[in-house]
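The block underneath contains the structure these notes are about, expressed in structure tokens.
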Amino acid sequence: MLPRRRSAPASSAAGSTPAPAGEGEKWWPGGIPVRPRGSHYSGMEFADFIRTPKCDRVVLHQPLCPPLDGTLCITGHHFIFSSRQEEAQEVWVLHRMIDGVERRPNGMMGGAVAVKCKDLRVLVLDIYGVEEFNNIAHTLETLSNVDDIRLAYPFFFRSNLGGEDDWSEFSTEHEFSKLILSSDEWRISHLNSDFKVCESYPRSVVVPSSVTDEELIRVALFRHGGRFPVLSYRHDKGSILLRSSQPMTGNQRRCREDEKLINAALGSSGQKGYIIDTRTQNLAMSAKNRGGGYEPESHYPQWRRVHKPIDRQAAQLDSLQRLVDGLSDTAQGMDRWLGRLVSSNWMSHVKDTLNCACLVAQCLDQEVTSVLVHGADGMDSTLQVSSLAQLILNPDCRTIRGFQALVEREWLQAGHPFTSRHRHSVFAPAASRDRYQGVAPSFLLFLDCVWQVTNQFVTSFQFNDAFLLDLFQHSYASQYGTFLGDNVCEREQVQLRERTCSLWSHMNSVEVLPRYLNPLYEPNKRVIWPSVAPMSLTLWPGLYLRWTVDLSAQRAALARAHEIHAEHGQLRAKASKLRRRLQELQQEAVRRDLLQLAVSPDAN
Amino acid sequence: MDRRLESHHMYTPAGADYAGSESQSSTATSKGLDSSKGSHSPSKSLCSASSSSSEQLAADAKAKAKAASAREQSQTLRADDPPLVRGETVQIAERGVTYLCPYSGPVRGTLTVTDYRIFFRADEKEKCLELDVPLGVISRVEKVGRANTSRDENSYGIELFCKDMRNLRFAHKQENHSRRNVFAKLKENTFSPQLFAFKNEEKYADNGWNVYEPIQELKRQGLPTESWRITKINDQYEVCDSYPAVWAVPTTATDEDLRSVAAFRSRGRLPILSWIHPESQATITRCSQPMVGVSQKRSREDETYLQNIIDANAQSHKLYIMDARPSVNAVANKAKGGGYEMDDYYENAELVFLDIHNIHVMRESLRKLKEMLFPNIDEAHYYSNLEATNWLEHIKCILTGALKIVDKVEYNKTSVVVHCSDGWDRTAQLTALAMLLLDPYYRTIRGFQVLIEKEWLSFGHKFQQRVGHGDDRHSDADRSPVFAQFVDCVWQVMQHFANAFEFTEELLLQIMKHLYSNLFGTFLCNSERERVKDELKRRTVSLWSYINANVEDYTNPLYVPELYTGALFFSPSLRQLRPWLNYYCQWNPRMMPQEPVHVRQHELLLLKKQLAARVRELQKELETRSTRNQRVASPVPA
């Protein structure tokens, strides 16, 4: 058996490794997990790859920690490091979290394996012995590159939360029930229930009642990837936010149903709507050569088109890479830090994205007119903008549950291809870049923007930094199935709901939820307008600096704020308890004729 | 006396902040929106009526401030007059002056000059702009525009250049000849050796001059010990005129030794104890550079004296001499008779250069910073401009130096001697910061005041010269923001350790304000000797009297002293340093906090206090009642 303590992993792995709190996985001596009955996959055996399941005398170097001496174990989904000291420390890392493995051989002594993770952490394992060194490096390389999501850890993990696992929390019907009930202009269409009209859309979407399913099919044929305009959000003032992909106008194609569909969002106000294109004008023009394009003025006279460019995903990944390079370069170039930060361009992506979202929110709230957002395929910047705009406008999205619903609606259901995007991150070897075309930090950029807003409106959000960090972490590798797969269709094919646990159930459990609460939260029903000036935006220390700078003092500050908050609550409870007791005593006294009510002091 | 009241009030909505940057990042878009606003009048009205939270919150905060200021005024004078402190007299008041606000454009109003401040209030009530600037912050007054030549009506007036990161410009009408009088009064009252601090008649319950008692502070540190004694040899400031009257020196050094060491050190500033570690007895001593000169002079007394300092610490047989300067500067100082300790002569000492630049470099760096931050920030080149000022780089350098001292004293238990050239600028920054990091006492509100009194004021940081109180030589090379830079460093440390300080940023902002204001006597004069001579304690009010009368305004609700009983240590990564925008950009309405977090914190603290009091009260009542019940009930057993 593996040398492990049941109690240890949670603490040692907090914040980094999704600790396997519930032990659904059974262990074999070789570390091969027992497959749940009935699972069927492509005959791959992890054991074939794990040539050295256990290795002693390994030294682990973690950022900001002294080196640890101990034993390394490799299982089908994790590598587990366990120190030999009295206070056994364990470090669990999911293979899926590994972005790249770098071998640093050291002659006949073995060598060091640098494990570079998608959460931007770098772990170095000093391994004694050439054979062990090669075996371990090879195993980690192979297991971290398993593409089949059916082999991912969530399929082997059973939560100990019992019956609370609930996948149906954020269904379209439920989320939009208020809207549908209050207005007959919108209906839920089930035309995509077999994913034939649009592969990346969920089964049900909200569309104008005046447009029939047949017409929708024609619109879908006109839009890139079948992503026809659907309702994303209806603002309190009645303005509508739609999102879609680019229209396939190509060489002057036109689709009357498409025009009818989006015009339905304008209602009868006669006001012009806005089409916000997240590409530059040039990019939109050149997309015509590939059949894409934009909505021409002549066919969409009721709409005003605005280009509000957000850089392409590949550029975002490059920026993140430069940022991480700058961060990890602690030896020299310290004095050039600001220069490196600027040249990485990451902050300007944050600014552009927020800026675009603010524009959308401004149109919806101040111009009170409808907006259609799209980029090229409508799966990245479109979703960033539509979700951020809701965060600005809708106070519900600033609660924990509301934010989960937002991520579910605007990212998971809307078909952001999480698995493709998060297959790798900044440490992926350049050679394999071509293999992973779809890799991009879109979701991270979104979370960064959210953090910027929370940082500017400290009291308006129910959640804190830790919540966003955990979302980041789980979106890359997790024991929960929520972020697996590229879209709803793919998730249903692998029976994600039936066979894995939901992250939301975990996050909302009574043990976990308090960690995410912002002690300064004071519900704010108003629209919040974030500033995008460069001096208002800061690098998110909790995410980017946590492996290079010791942030424990900041964490202590948050803990103290929590304490004050709890103390406050306790005092309140105590005060009301005492007040009740006083009343009882008074009544008692009155009953015994020891006290007359008239002279009793006001107990308030 | 509230900071918010005295500062520059902008009641124009600062909301929808991003719109400004948008106009830069994509002109096409904003044009599109603007035109649409023009064409749809209903949407325009909705726009202005919209209740974006920032506007609302800002408006709330302002309404509060306004109410408070109204209250204050009703107590004092007519609504149109400025709020005066006791002893303040109005010198001149001119109507019809225009303030050229860099943010909201020209505003017509009344300008009042008193012997303490310049006060401006807008005529149009809806603009509600107030300007309240102590004369002390003004470093330069200039006339701009000549009569009868310019066409633009706002080009004729007065421009004020301030020490607190802003410039002010007023336009006068040529025909009513108001400029000459205002200009004369401004010059007369701003640049006068008779500072307003001597006229301030405000009274406070607590006398701030008693905050720092040198002997008491040394006793707090555990002195005298068997190795360190307290001496009053400098009682008449004869041994060293820029040093305090009370010193702590090694017991092994006789008064005669002290005199001869003083002779070898620049301006007689020999090594004197600043701080002693309560456990290890490792010490921080400070001094000026030795007078080595080109001829490589040595002083046996000085060498023995430093050996005495080493011997006073039983834990270590070594001494680190921290020379704050870059080594090149230290060498260059030999030409002027100064220099640094030669390795050969000081056996057990190791000399470390901390590479902190001199006051001229710092002044230039801050000038660049002001240029980039005021009045408007070039957003496209924000980071590159910031980097070009080198300000954060200097801050990092100072913090690194202070942390090196902390490292030696706390973790190596080794004593440290700190000096630069004269030992009153960089040395004060380093020792004060190191002490702040080492000793939790200095992180309390009172302790911080003691720290400033001790390391800065008593050890002769030349506040008069560096700040230039009441002095019109604005380009004097002796001016430099050395103390301001120290306060910035403190702020940076506070960003790191939110629970470690009893005070908040607000205290630092107040200190920065009154560093220049001349309302209090605290930061006047160059040395303790001058302060005694001018009888500041009798004739002026201490800033600490004012601070300690409103101590809850500066109390940090997140302070947990139990968590930080020892030294604070961190790596001063440039990645974590940020410009102190709440100070450097305090006049920019766009930088005003959109959510009044500190107000909320304050409210929560108050509520907590009330509830705790209520709990106690109820508990007491419960007790008395139950005892009474028992007493009454006992004769009648059930």
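Just so we're on the same page: letters track the sequence lines, and every chain starts at 1.
- Residue contact with chain B, scored on non-hydrogen atoms closer than 4.5 Å, involves the side chain of Leu341(A) exclusively.
- Counting only heavy atoms from C-beta outward, the side chains of Ile564(A) and Leu558(B) approach each other to under 4.5 Å.
- A distance of 14.0 Å separates NZ of Lys574(A) from CZ of Arg614(B), quoted to the nearest 0.5 Å.
- In terms of heavy atoms, Ser384(B) sits closest to Val342(A) at N-CG2, 4.3 Å.
- Comparing Asn390(B), Leu563(B), Leu373(B), Leu622(B) by how many heavy-atom pairs each has under 4.5 Å with chain A, the most go to Leu622(B).
- Remark: Gln576(B) CD to Leu539(A) CG distance equals 10.0 Å, nearest 0.5 Å.
- Using a 4.5 Å cut-off between heavy atoms, Leu393(A) does not touch chain B at all.
- Heavy atoms closer than 4.5 Å to chain A are found in both the backbone and the side chain of Tyr383(B).
- Proximity of a side-chain donor or acceptor of Arg575(B) to a complementary backbone N or O of Leu327(A) within less than 3.5 Å is detected.
- Rounding to the nearest 0.5 angstrom, the gap separating the CG atom in Leu581(B) from the OG1 atom in Thr538(A) is 10.0 Å.
- Taking all atoms of both residues into account, the shortest heavy-atom contact from Leu611(B) to Ala575(A) is CD2-CB, 4.4 Å.
- Here the CZ atom belonging to Arg616(B) is positioned 12.5 Å from the CG atom belonging to Leu578(A), to the nearest 0.5 angstrom.
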Inset, instruction - Could you walk me through whether Met535(A) and Arg578(B) pass side chain to side chain contact (heavy atoms under 4.5 Å, CB included), step by step? - result: CA-CA 9 Å; Met535(A) 48 285 178; Arg578(B) 263 179 291 146; over 6 Å; no

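- We find the CG-CD distance between Leu585(A) and Glu621(B) to be 10.0 Å, quoted to the nearest 0.5 Å.
- Only the backbone of Gln495(B) comes within contact range of chain A, with at least one heavy atom under 4.5 Å from a heavy atom of that chain.
- For Leu392(B), the part sitting under 4.5 Å from any heavy atom of chain A is the side chain, from C-beta outward, and nothing else.
- Residue-environment remark: CZ (Arg305(A)) exceeds the threshold of 12 foreign heavy atoms within 6.0 Å.
- With a 4.5 angstrom heavy-atom cutoff, Tyr559(B) touches chain A only via backbone atoms.
- Arg560(A) approaches Val560(B) most closely through the heavy-atom pair CD-CG2, 2.9 Å.
- Under a 3.5 Å cut-off, the side chain of Glu379(B) and the backbone N or O of Ala533(A) do not form any donor-acceptor pair.
- To the nearest 0.5 Å, atoms CD (Glu563(A)) and CG (Asn499(B)) are separated by 8.5 Å.
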